[in-house]
Amino acid sequence: MSATATVPAPVGQGKKPGRNRGVPRGIARSEGVAGWLFTAPMLIILGLFLVVPVVMALWVSFSDWSGRGSPFSANVNFIGTENYADLLGGGGLAERDFGISLRNNAWYVVLVVPLQTALSLFLAVLVNRQILKGRGFFRTAFYFPSVTSSVAITVLWLFLFGATGAVNKVLSWLGINGPNWFQDPSGIVHNLLAAVGITQGPALLTENTALGVSWWDWLAGPSVAMSAFVLMAVFTTSGTFMLLFIAALQNLSGDVQEAAMIDGANGWQRFWRVTLPQLRPTLFTVLTLGLIGTWQVFDQIYTGTQGGPGKTTVTPAYLSYTSAFEGQDWGRGAAIAFILFVIIVLFTILQRFVLRDRKVSKRRMRAYSIASAATANKEGRP
């Protein structure tokens, strides 16, 4: 009898790897078909009401469609990038109007996004404190403007910021002569410079232009009228983002906060070094939604000033509307919309790059190691 023993093969050896081992192929195929059947209605709806209109608008931006008949009819001509060239380098009124709208909207974004993010985070931290009484009431009060119609808020703002409105009345009690907000086209930065005697910019800024607008006008700041819209945007949107921050704060573990308190960190250090880094995903969401919303501002302008005074409240979204529906230049209106889409995508990518997770540097890791060793020595640990 042979002394050689038969060693059993390991379990699974000799079998070909498969993604659905033990599952009959027919069942897996039927599940895939069922999945497509369940998602087909939504895919069809998205295709009909989202993908198809976007493709049609893209074609319109490269055509001379006048808005009459089908954009795919034989009398509609393909003109290539002519609409985009008129906006970005045509040298005419179209380029200047587009440059003015970008200037106005850029200042709107620069002011609204940081202010509404900081205010919403402050309100979230405030109403999330356990010692605050009536937290539910304050949360509802802060969120209420966000669920109110933007048209109603705009009409209210027209009354509040009128020449004889409540805002100027309060300012008069303080000895300040308030401006005629929605009729003042002057830029805030220019007004501040004029207060110190600077009324004319250097030749480098006044003689060079971008999109038909001089660099001196680019740096004029938002007009007094647009600044009123900035305040309205911060007032109406901070409540929505406050809820996002509250949800994030309530999901944070208290262990890290307690450890920071034991290490002697004060309230500001705990917020800046512990709480805020943990809110990075929510912060990215808030900033992204803020950027998208501020670059698409339309209804407030349409209801309030219709681009006036002196085109200082015109935005790309409103200019796209007026070009298409009022000027019947549908190709140019569609081109403005797609340029705005590219701007939003680029800013979102840039923001994602800035807020990405970064590796801890070797210098900081070395400092952490030294601090941990020092703590261990104090406590007598090996």
Side-chain angles (χ1 to χ4, degrees), residues 105-148 150 153-154 156-157 160-161 166-167 170-171 174 188 221-222 226-261 263-297 300 347-348 350-352 354-357:
N105 213 152
W107 279 106
Y108 183 84
V109 172
V110 166
L111 292 177
V112 171
V113 173
L115 289 176
Q116 72 182 7
T117 303
L119 180 59
S120 59
L121 180 57
F122 171 76
L123 294 177
V125 173
L126 184 65
V127 301
N128 194 53
R129 295 172 63 88
Q130 297 293 335
I131 61 175
L132 179 66
K133 296 182 179 179
R135 289 183 298 165
F137 168 77
F138 287 108
R139 291 177 183 179
T140 304
F142 293 147
Y143 182 65
F144 184 75
S146 300
V147 297
T148 307
S150 61
I153 294 291
T154 304
L156 173 64
W157 228 247
L160 291 177
F161 285 83
V167 173
V170 173
L171 291 177
L174 302 175
I188 291 179
M226 182 59 86
S227 65
F229 285 119
V230 168
L231 296 176
M232 182 176 67
V234 174
F235 173 75
T236 55
T237 58
S238 296
T240 301
F241 297 140
M242 177 196 69
L243 293 184
L244 297 179
F245 281 123
I246 289 176
L249 288 171
Q250 291 179 348
N251 287 328
L252 298 182
S253 173
D255 297 339
V256 182
Q257 291 282 351
E258 293 177 2
M261 293 177 64
D263 288 339
N266 57 35
W268 172 251
Q269 289 172 335
R270 293 198 303 273
F271 172 77
W272 187 256
R273 299 289 185 178
V274 178
T275 303
L276 194 58
Q278 296 181 84
L279 295 178
R280 182 175 296 177
T282 306
L283 188 62
F284 172 77
T285 302
V286 169
L287 289 175
T288 301
L289 295 176
L291 278 173
I292 294 174
T294 51
W295 276 111
Q296 293 180 340
V297 57
Q300 299 91 332
F347 271 97
T348 303
L350 176 62
Q351 177 182 290
R352 186 176 183 85
V354 172
L355 294 178
R356 73 190 187 282
D357 291 330

Open item on the list: Any side-chain to backbone donor/acceptor pair from Ser146 onto Thr236? Under 3.5 Å, distance only.
Closed with: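 Between the backbone of Thr236 and the side chain of Ser146 there is a qualifying donor-acceptor contact (under 3.5 Å).
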TODO: Would you confirm whether Gln250, through its side chain, and Ala247, through its main-chain N or O, come within 3.5 Å as a donor-acceptor pair?
DONE: no
Find the distance between [atom1] ([X]) and [atom2] ([Y]) and round it off to the nearest 0.5 Å.
X	Y	atom1	atom2	value
Phe235	Leu160	CZ	CG	9.0 Å
Thr348	Leu291	OG1	CG	6.0 Å
Leu244	Leu289	CG	CG	7.0 Å

Side chains of [X] and [Y] in contact at under 4.5 Å (non-hydrogen atoms):
X	Y	value
Asn128	Arg139	yes
Phe161	Leu231	yes
Leu283	Phe245	yes
Trp107	Met226	no
Phe142	Val127	yes

TODO: Could you give me the CA-CA distance, side-chain angles and deciding distance for Asn105 and Trp295, then say whether side chain to side chain contact (heavy atoms under 4.5 Å, CB included) is met?
DONE: CA-CA 7 Å; Asn105 213 152; Trp295 276 111; 3.7 Å; yes
Open item on the list: Show, in sequence, the C-alpha distance, side-chain angles and deciding distance for Leu121 and Leu279, and conclude whether the side chain to side chain contact (heavy atoms under 4.5 Å, CB included) test is met.
Closed with: CA-CA 10 Å; Leu121 180 57; Leu279 295 178; 3.9 Å; yes
Task: Atom CZ of Arg356: over 12 foreign heavy atoms under 6.0 Å - done: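 Yes, because the 6.0 Å sphere around CZ of Arg356 holds more than 12 heavy atoms from other groups.
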Open item on the list: Ring-plane angle category for Phe271 and Trp268, please: parallel below 30°, perpendicular beyond 60°, tilted otherwise.
Closed with: tilted
- [ ] Please name the residue in the list Val274, Leu276, Thr282 that meets the side-chain contact (heavy atoms from CB on, under 4.5 Å) test with Gln278.
- [x] Val274
